[in-house]
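Worksheet: the structure to be examined is printed underneath.
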Protein chains: 2
Amino acid sequence: MAEYDHPSLESLTLLGVLRGLADPIRLEIVQHLGSVPEASCTALLGDRPRSSMSHHFQVLRESGLLQTRIQGVQHFNSLRKVDLDERFPGLMDVVLAG
Amino acid sequence: MAEYDHPSLESLTLLGVLRGLADPIRLEIVQHLGSVPEASCTALLGDRPRSSMSHHFQVLRESGLLQTRIQGVQHFNSLRKVDLDERFPGLMDVVLAG
DNA sequence: GATATAGTTCGATAAAAGTCGAATTAAACC
DNA sequence: GGTTTAATTCGACTTTTATCGAACTATATC
């Protein structure tokens, strides 16, 4: 696998981002990523099946909430906080405060 | 019909509110309500069936996003902006700006 | 009381989203 | 090349959510 392509800043929509956040697992992932620079999928796994988590990471990536950097066999996820702050100022602050 | 009971400020959850917002029709309703003091259901109907809209109003009410005042045969909906601003400061500003 | 109006509730259907095991890919390492 | 590790993809299934016509409730008006 080469690399993911992430949606551009301009293509992000409020509805898309809200849909990305509107799931308990994904909200938890996002909030966790608010407190660390980045995290691998495994680090956020808990006791859930990998395939479920992989699905949620995909949704988060496609809605523009996180970006994934591939290093060797690991995928490091981080919040697209700077982008999100520019596009939807204040949103991430509320989400991470909640 | 007597009156609706709306969830208390403390019982609102971020996830619940995000779920309420994560639908195109509901987001549109909320954003519209951001620009008017209140609106009846019919006023926001467009060309959609009443029963569908009634469902969305119920979801919005239960997630704490709006309150409904009954006056005669009409139901007037308004954003719970003050409550939401207190509970999730900044959230509504982003949503209404989007 | 009959009629009109505003909105809800019911119930059936359709569409969307989440779950998760099994198979697969891809890199790393011996 | 074989093995381990990290994560994805596939596909089948379940659950949740949305849609919307038809019947219903409640208020207002004549």
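The sequence lines fix the lettering, A, B, ..., with proteins before strands; numbering per chain opens at 1.
dT25(C) atom C1' lies 11 Å from atom OH of Y4(A), rounded to whole Å. With rounding to whole Å, E3(A) atom CD is found 15 Å from dA26(C) atom P. Distance F76(B) CZ to dA6(C) P: 11 Å, rounded to the nearest Å. Protein atom NE2 of H56(A) is 6 Å distant from nucleotide atom P of dG18(C), rounded to whole Å. Per the geometry, CG belonging to L45(B) stands 13 Å off P belonging to dT19(D), to the nearest Å. One can place CD of Q71(B) at 19 Å from P of dT5(C), the figure rounded to the nearest angstrom. Protein atom CG of L27(B) is 16 Å distant from nucleotide atom C1' of dA18(D), rounded to whole Å. Look at CD1 on I70(B): it is 16 Å from P on dT25(D), rounded to the nearest Å.
Put simply, the residue from D93(B), V17(B), L91(B) that forms a side-chain contact (heavy atoms from CB on, under 4.5 Å) with V94(A) is L91(B). Applying side chain to side chain donor-acceptor pair (under 3.5 Å) to D83(A) and the options R87(A), R80(A), K81(A) leaves one that passes, R80(A). Paired with L60(A) under the rule side-chain contact (heavy atoms from CB on, under 4.5 Å), one option of L33(A), L65(A), L27(A) passes, and it is L65(A).
For R50(A) and dA22(C), the shortest distance from a side-chain N or O to OP1 or OP2 is not below 4.0 Å. Between H55(B) and the phosphate of dT8(C), there is no side-chain N or O to OP1/OP2 separation shorter than 4.0 Å. The shortest distance between the side-chain N/O atoms of R26(A) and the OP1/OP2 oxygens of dG18(C) is below 4.0 Å. For S52(B), no side-chain nitrogen or oxygen approaches OP1 or OP2 of dT19(D) to under 4.0 Å.
Checking dT8(D), dT9(C), dC20(C) against every side-chain atom of C41(A), the shortest atom distance belongs to dT8(D). Between dT8(D), dA26(C), dT19(C), one nucleotide has an atom nearer to the side chain of I25(A) than all others, and that is dT19(C).
Residues from residues 58-68 of chain A with heavy atoms under 4.0 angstrom of DNA chain C: there are none.
Ring centroids of H75(B) and Y4(B) are separated by less than 6.0 Å, placing the two rings close together.
For the residue pair S54(A) and S51(A), no side-chain donor N or O sits within less than 3.5 Å of a side-chain acceptor on the partner.
For the pair L18(B)/R19(A), no side-chain contact is recorded, criterion being any heavy-atom separation below 4.5 Å from C-beta on.
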Below 3.5 Å between N/O atoms, which protein atoms pair up with nucleotides 22-24 of chain D? Just atom names and distances, please.
none

